[in-house]
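To start, the structure under review is shown below, and the notes come after it.
Letters A, B, ... mirror the listed sequences (proteins, then strands); counts begin at 1.
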Number of protein chains: 2
Amino acid sequence: MTKASDRAYSMIRAMILSGELVAGDPVREEALAERCGVSRTPVREALRRLEVDLMIRKTDSQRSFVADWSLDDVGDAFELRAMLEGHAAKRAARNMTDDVLKQLRSCNTAIEAAISGRKPDVATFLDRNREFHALVLKTAGSRRLTTLLTALIEQPVVWRTAHHYSPEAFRRSHSEHDDLLAAFGRRDGAWAETIMAGHIRRAFHAYSDAHLDMKAQERGAA
Amino acid sequence: MTKASDRAYSMIRAMILSGELVAGDPVREEALAERCGVSRTPVREALRRLEVDLMIRKTDSQRSFVADWSLDDVGDAFELRAMLEGHAAKRAARNMTDDVLKQLRSCNTAIEAAISGRKPDVATFLDRNREFHALVLKTAGSRRLTTLLTALIEQPVVWRTAHHYSPEAFRRSHSEHDDLLAAFGRRDGAWAETIMAGHIRRAFHAYSDAHLDMKAQERGAA
DNA sequence: CCATTCTGTATTGTATACAATTTGGGTGAG
DNA sequence: CTCACCCAAATTGTATACAATACAGAATGG
């Protein structure tokens, strides 16, 4: 991960996630190259990867822009995630081992700790949540499914709005993970699939509420 | 499509599809560059694209190999396609217009013509079949879904074995397209989804039969 | 006044040279 | 004989220069 192209990828991704690069903004290779302290070659590679992640959009003439996510777009992505992660959960249930189960439990315990205080530790929540889902995906044991889903998980807007989630939303998320653990413990693929699909759909609505709330606050501040 | 990187992409893809590059073979950038009459830069870009198509696999140290597809892998890919194309069909049914319907009908008529002779015109069949599915995908109207599916459709082994499909398999495929047209005509998303999912699953078994048959023939010839 | 073409400028695409890394094998010590 | 290490060759990663292309604004004709 010390390669220039990886550095460029991480840095540009961070710029988008942090909102430094705003959706719809044009993105010029040379400017980014200078900013990242590398040449255009690794920047081009990074942009290509970010395009697959759907964080960068290219026009017909190959000019790059920061992807703009309308609420419909996000809903669309969540719908696909619900389907694919549900599928992953079903497969994971079939392949589940006691060892993985233990790791998943540990993840969810960490999540519980992160959100139980008065001020939820959002960074830890996101981190452990990501780890939980990554573990399920890995256990599903399908390279192709992994490839498809990683493109969907990197959603800038989601990360920015997570800080506005309600305490209730965090608790729900944790509790649904517990349900998943129960399904996994019984190797019940169909159950796991249902829970996971619902989990993602609920996450969408949590996002949606937080997003609207955030927009309202912004409007109030302006 | 006149750009060097596109040429390189098409040429390398063709080499893999034709079996000129065998699964598991190491792939060196410079050799391909010379072969394609371009420099390494566009070849590198082409290889990255082929990697997301899952036709090229890279080791931890970034060396490229032609991806090997076990029957399980292919089955896995078809399972995902069934799910995603089913979803696409459901959405397409909702957005269907008379114009698109007409184009789809024309596609399927061409398919019928291609397979009704004694010797089926496999190239035309594959072409029109691809066009049919692409049209459905486009009508589904989800950029993300399109991105995900295009990575799955490019399956080298499938194309090579299509020539060994049974006449029955071709006829079934055509007839299922007709069913889809009926579902689209009535804007019945649920019906379209079911048919499409079944269509893809059947295609897998047609592939599977043809593949085994082909392997047997190879063994006999050797 | 509007549309259109032309032209300078900004931006991306490609080639090439060079740097960094990996690989494979040979050599010497144990 | 084996294992570890190190060096030479092969291969990928990066920088840079140049070529091709797209964009925007001015000039021109209707």
Specify the separation, in whole Å, of atom CZ of B/Phe65 and atom C1' of C/dT22.
-> 12 Å
Starting at atom CZ of A/Arg28, determine the distance to atom P of C/dT9, rounded to an integer number of angstrom.
-> 17 Å
Under 4.0 Å between a side-chain N or O of B/Arg40 and OP1 or OP2 of C/dA15?
-> no
Send over the distance from B/Leu32 CG to C/dT14 C1', rounded to a whole Å.
-> 17 Å
Of the listed nucleotides C/dT14, D/dA15, C/dT12, the one nearest the side chain of A/Pro42 | D/dA15
Identify whether NZ of Lys or CZ of Arg in A/Arg144 sits under 6.0 Å from the centre of the six-membered ring of B/Trp69 and within 45° of that ring's axis.
-> yes
Residue from B/Lys58, B/Arg48, B/Arg44 passing salt bridge (Lys or Arg N to Asp or Glu O under 4.0 Å) with B/Glu29 = B/Arg44
Taking the six-membered ring for Trp, are the ring centroids of A/His199 and A/His133 within less than 6.0 Å of each other?
-> yes
Looking for any heavy atom pair under 4.0 Å, which part of the strands does A/Val43 touch: base, sugar-phosphate only, or nothing?
-> nothing
By nearest-nucleotide position on DNA chain D, the 5'-leaning member of A/Gly37 and B/Glu30 is B/Glu30
Note: for A/Asp60 and B/Gln62 on DNA chain D, the residue whose nearest nucleotide lies more 5' is B/Gln62
How close or far is atom P of C/dA15 from atom CD of B/Glu34, stated in whole angstroms?
-> 13 Å
Describe, in one word, how the ring planes of B/Phe204 and B/Phe78 are oriented to each other, choosing from parallel (under 30°), tilted (30 to 60°) and perpendicular (over 60°).
-> tilted
Rounded distance in Å - CG (A/Asp6) to P (D/dT14) = 8 Å
Under 4.0 Å between a side-chain N/O of A/Ser39 and OP1 or OP2 of D/dA15, yes or no?
-> yes
Test item: side-chain donor near acceptor, A/Tyr9 and A/Asp53, under 3.5 Å = yes
Length of the CZ-P vector between A/Arg63 and C/dT12, whole Å = 6 Å
Does B/Ser61 put a side-chain nitrogen or oxygen below 4.0 Å from OP1 or OP2 of C/dT23?
-> yes
Atom NZ of A/Lys58 and atom C1' of D/dC23 are separated, to the nearest Å, by 17 Å
Between atom CG in B/Leu47 and atom C1' in D/dT12, what is the gap in whole Å?
-> 11 Å
